[in-house]
Amino acid sequence: MSGVLVVAETRKGEVRDISYELITAARALAEQGGGPVRVLVVDGDPSAVAGGLGAEGVEEVLTVTSPRAEFEPHLQAEAVSAAIAALEPAVVLTGHTVDAMGYAPAVAAKLGLGFASDAFGVAIEDGAPAVRRGAYGDRLVASLAFPGKGTTLVMLRAGAYEAAAPGGDGDGAATVRDAGIALDASAARTEHLGYREAEAGDVDITKAPFLLSIGRGVEDEDGVSELEQIADRLHATLSVSRPLVDSGLAASSRQVGQSGLTVKPKVYLALGISGAVQHLAGMRKADTIIAINTDPEAPIFQVAHYGAVADLFDVARALPGHFA
Ligand code: FAD
């Protein structure tokens, strides 16, 4: 077993960003002696996207033509299983995404592969794959090894690696070839009914230059409403961490993070947000991050440019109107 097989994701005929993040991770594995990087793409028209997937460091892009224009988990499972059987890679990388959840754990179980989901780091250590993932809400980092497993399938979190630049047609471009895997439409067991756009939110937080972002440190409706008013006074836009959406205190259109929106404002003022990896994935590229938290050990302070260990309400109430 050797080499890394990246399973690319496409949607509506376009390569999804996670594919390029997986390529970066695969490239690092190759540099650590993990063997050549191959990318598998299963799509109704894979030739339309294969060129871009031939990013630097990718040796081959293998295409499988799906009888369906849209992603179908059972067809994907067939294709990925067949590719693993043919190529015998040491590591298979998929995203930890809604699409991959529909097939990757099933493939790993069926083929008896080493398996890790929601990973944020993968490396070759002593000639074998080693994975890092969070435990207990990311308060601990677990290091995993897979003794006795020839192939290990790792589902990597979005945002864990920088995206590689898409490939072009120049010298050194990866070879694109048909993987020779025929998919039978009868293997599909779900039907794609169509896409429904998320309800338009009241504001687009991805365009706001100044986000006042609140987390579970704000516990109730009164707190949210006071901070909304403070945000208005500061000419900031209110955004939130996921628990506020889950508890019905804020609309999902305001959620920053891995399962929310990615933002890059000039100023990101994080009030009562611990800085879980899934939250950081959506905001760590903000120009200036300011964190207010009562816990000096909160991980948000590791990415913040400025911070204060303080009560968020004390700080928010004291901010002048011309803050940003
Ligand atoms: P907590 O982690 O509970 O932190 C609250 C913080 O407030 C603490 O640090 C505390 O010290 C501080 N605090 C409390 N009171 C005060 C006070 N009065 N003043 C100052 N500080 C105070 N999360 C997201 O945000 N976005 C996502 O998109 C997202 N996607 C996810 C996807 C998956 C697959 C999974 C498994 C999780 C996801 N999460 C996401 C959840 C994530 O793991 C964390 O649970 C979440 O980000 C925690 O939110 P928080 O920081 O507001 O709450």
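Bear in mind that the values here come from a model prediction, so they are computed numbers and not experimental data. Note that ligands are numbered from 1 as they come in the structure, with each ligand's atoms numbered from 1 the same way.
For ligand 1 and Gly257, the ligand atoms under 4.0 Å from any heavy atom of the residue are 26 (N), 27 (C), 28 (O). Residue-ligand proximity, Gly215 to ligand 1, at heavy-atom distances under 4.0 Å covers atoms 52 (O). Near Ala276, meaning under 4.0 Å from any of its heavy atoms, are these atoms of ligand 1: 42 (C), 43 (O), 44 (C), 47 (O).
For Gly272, a nitrogen or oxygen atom sits less than 3.5 Å from a nitrogen or oxygen atom of ligand 1, counting backbone and side chain alike. When only interatomic distances are considered, the shortest N/O to N/O separation between Gly260 and ligand 1 falls below 3.5 Å. On a distance-only criterion, Leu312 and ligand 1 share at least one N/O pair closer than 3.5 Å. On a distance-only criterion, His279 and ligand 1 share at least one N/O pair closer than 3.5 Å. For Val256, a nitrogen or oxygen atom sits less than 3.5 Å from a nitrogen or oxygen atom of ligand 1, counting backbone and side chain alike.
With hydrogens and angles ignored, the 3.5 Å screen pairs a side-chain donor or acceptor of Ser19 with a backbone N or O of Glu9. The main-chain N or O of Asp43 is never found under 3.5 Å from a side-chain atom of Thr10 such that the two would form a donor-acceptor pair.
In terms of heavy-atom proximity, Arg68 sits nearest to His192 at NH1-N, 4.3 Å.
For the pair Lys266 and Phe210, the cation does not sit on the ring face, since its NZ or CZ is not both under 6.0 Å from the ring centre and inside 45° of the axis.
In this structure, of Ser213, Ala316, Pro243, the residue bringing a heavy atom nearest to atom 46 (C) of ligand 1 is Pro243. The residue from Arg157, Met101, Glu297, Arg216 that puts a heavy atom closest to atom 3 (O) of ligand 1 is Arg216.
Looking at Arg242 and Ser259, their side chains do bring a donor and an acceptor atom within 3.5 Å of each other.
Note on Glu226 versus Arg317: salt bridge recorded, some NZ/NE/NH1/NH2 to OD/OE distance being below 4.0 Å.
Through direct or indirect side-chain contacts shorter than 4.5 Å among Ile, Leu, Val, Met, Phe, Trp and Tyr, Phe115 is connected to Leu5, Val7, Leu40, Val42, Leu62, Val64, Phe71, Leu75, Val80, Ile84, Leu87, Val92, Met101, Tyr103, Val107, Leu111, Leu113, Leu153, Met155, Ile181, Leu183.
Residue contact check for ligand 1: Gly134 places no non-hydrogen atom closer than 4.0 Å to it.
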